[in-house]
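Everything below concerns the one structure shown next.
Lettering follows sequence order; numbering is per chain, from 1.
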Amino acid sequence: MVRANGGADPASKADPATLDALAREALGQDPEAVRRFVLAIAPAIRRACRGVMGPRHTDLEDTIQDCFIDATRGLPGYRFQGNLLGYVTKIAINRALASRRRSVARVRHLQLLEDLHDDSPLADANVGDIERTEVMRDLIRRVRPIQAETLVMRVVLGFSVEEIALATEVSVNTVKTRLRLGKKALRHLLTWHAWEPERKPGR
Amino acid sequence: MRAEEHPEALIDRAMSGALDPEAQATLDRHLATCPVCADQLALAPRFERELAPQPRDEALDLRAFEAAMRRMQQSPPVARRRPLPSWFRWAAAAALLVVGVTGAAAVIGRRIAPRPPIPSPVVQLPAARAPIRPVEVAPAEAPAPPEPLPAKAAPAAHGSAQTAVTAAALFERGEKLRREGRAAAAIAIYRRLQATFPETPEARLSFAFAGQLLLEQRRPADALAQFDRHLKAGGEVGEEALAGRATALEQLHRTADAIAAWKSLLARYPGSVYAGRARARLDELMKSQ
């Protein structure tokens with residue numbers, strides 16, 4: 001991952017060869033092998049789900065469960081040609097985006113209030129930043145799905161363009177196009193959002 | 001660098017603190033005009049703090065894993081269908097080809113055949129106003145339509161002076177006027193954008209913006225038309241346009257249509273930020289009926 005300021009990202013430090021070996025073992029459906037595989041990919045899945053849904057989302061744990069199931073059941077279709085962590089990250093992003101689309105309004109304000117009054121490390125963060133990250137998450141889920149997936153990898157998870165290309169198995173130019181179109185759509189949505197609160201305070 | 005290009009490599013380098021002054025100046029110029037990249041850079045530390053490992057993560061993973069295993073055992077995966085034999089696919093392709101060729105021949109035949117004389121128009125009495133049907137909008141979970149092509153300038157209608165005008169430039173002008181509070185001028189620019197570049201994303205979005213401005217000017221009928229066009233074009237701010245549409249219908253005192261519009265918003269976007277407002281308005285309108 002390209003971010004230098006974010007501390008450790010255990011998912012990115014996992015050895016791809018080891019992960020591939022774990023995945024091949026898990027294909028045999030041995031429960032212990034499946035367990036080792038799922039726990040090895042868990043940090044990447046957790047990170048993607050947290051990034052898309054926010055750390056306090058009430059459906060976060062359920063979504064992580066869904067992702068574990070999707071990743072395990074999707075293994076027979078994986079070709080072992082690309083980056084396994086990218087593959088599971090992509091699964092997790094799409095699952096989390098779907099969850100967030102279903103429940104964004106139900107939890108958004110509650111989550112914001114909890115963040116502001118909680119004694120966790122998030123509580124000392126700037127209130128404006130919390131709201132802006134929430135707005136960004138909310139707007140990204142409204143962009144077309146393929147662009148949303150790319151934007152999450154880039155803006156939220158901090159992937160480089162090359163890392164996104166590897167994870168999504170498309171060319172760097174395709175990633176750049178998706179980013180350009182996604183950012184354009186996001187810009188329109190941001191413009192609208194900036195206008196809305198001015199007109200309707202306390203919406 | 002073109003305005004719509006985003007300096008991803010510079011952003012990466014800025015995040016690692018490895019930008020020389022010249023590159024920093026280039027990036028700063030872009031950030032001044034691009035709120036998305038500016039937010040990307042500004043919010044990166046915040047996102048990273050949220051994503052950093054937490055002490056309870058391992059327990060959460062184990063709990064989620066156990067629950068996932070239980071669920072997998074309770075609902076085994078649906079058996080995958082066997083792939084169709086290759087002869088079947090060839091037969092299906094041939095059948096599609098025959099249908100396509102026959103259809104094309106029929107269309108061409110109709111065009112070549114002499115047309116019957118056009119009957120004289122029948123004068124119709126003005127009918128009662130038809131009920132407004134909810135505009136069809138693709139559901140949120142529907143597969144993504146193909147990615148739009150970048151906006152292309154339409155052929156200039158009035159000589160070379162107009163050749164430099166682009167959809168993005170008109171949209172920006174409209175935006176500037178709107179921010180300055182010059183609503184009428186902004187609406188005029190949006191209308192020009194819609195007429196000159198009707199197929200662009202900027203034109204689609206401008207329907208919603210113009211609709212909102214027209215609502216504020218207490219011109220609900222015009223606003224309604226703009227919101228409907230945004231929804232019909234499958235624009236990006238469907239939730240807002242549906243809310244605007246319902247508000248316009250209320251201002252027009254078309255209570256039944258407004259109720260249908262708010263219900264339509266709730267049905268299509270149950271998780272919308274406008275859901276609370278829709279329910280409140282529905283309660284109010286139902287009482288007033």
Closest non-hydrogen atom pair, [X] against [Y]:
X: A/Q65; Y: B/A64; value: CG-O, 3.4 Å
X: A/L157; Y: B/L51; value: CD2-CD1, 3.7 Å
X: B/D12; Y: A/S160; value: OD2-CB, 3.8 Å
X: B/F47; Y: A/G51; value: CE2-O, 4.5 Å

- Message: Quick one: does any side-chain atom of A/R154 pair with a main-chain N or O of B/E8 as donor and acceptor, under 3.5 Å?
- Response: yes

Please classify the contact of [X] with chain B as side chain, backbone, both or neither, using a heavy-atom distance under 4.5 Å.
X: A/D62; answer: backbone
X: A/V34; answer: both
X: A/L186; answer: both

- Does the side-chain contact (heavy atoms from CB on, under 4.5 Å) test come out yes or no for B/E202 and A/K184, once each step is laid out? CA-CA 10 Å; B/E202 286 85 356; A/K184 187 174 183 181; 3.0 Å; yes

Rounded distance [0.5 Å steps], [atom1] in [X] versus [atom2] in [Y]:
X: A/K176; Y: B/E5; atom1: NZ; atom2: CD; answer: 8.5 Å
X: A/D66; Y: B/R71; atom1: CG; atom2: CZ; answer: 4.5 Å
X: A/R35; Y: B/M69; atom1: CZ; atom2: CE; answer: 9.5 Å

Any side-chain heavy-atom pair of [X] and [Y] under 4.5 Å:
X: A/R50; Y: B/Q54; value: yes
X: B/R46; Y: A/R132; value: no
X: B/R178; Y: A/T191; value: yes

Considering residues, nucleotides and ligands other than [X], do more than 12 of their heavy atoms fall under 6.0 Å from its [atom1]?
X: B/E66; atom1: CD; answer: yes
X: B/R182; atom1: CZ; answer: no
X: B/E199; atom1: CD; answer: no
X: B/E284; atom1: CD; answer: no

- Report the option among B/D39, B/D57, B/L60 that has the most heavy-atom pairs separated by less than 4.5 Å from atoms of chain A. B/D57

- Query: Any idea which of B/D61, B/L62, B/L41 has the most non-hydrogen atom pairs under 4.5 angstrom with chain A?
  - Reply: B/D61

- Message: Using the side-chain contact (heavy atoms from CB on, under 4.5 Å) criterion, which residues pair with A/R142? Sequence neighbours excluded.
- Response: A/L139, A/L189, B/V237, B/E239, B/E240

- Task: Would you sort out whether A/R187 and B/E172 count as a salt bridge (Lys or Arg N to Asp or Glu O under 4.0 Å), showing the intermediate values?
- Result: CA-CA 12 Å; A/R187 184 179 181 169; B/E172 284 299 319; 3.7 Å; yes

- Do you know which of A/V38, A/I45, A/V143, A/I64 has the most heavy-atom pairs under 4.5 Å to chain B? A/V38

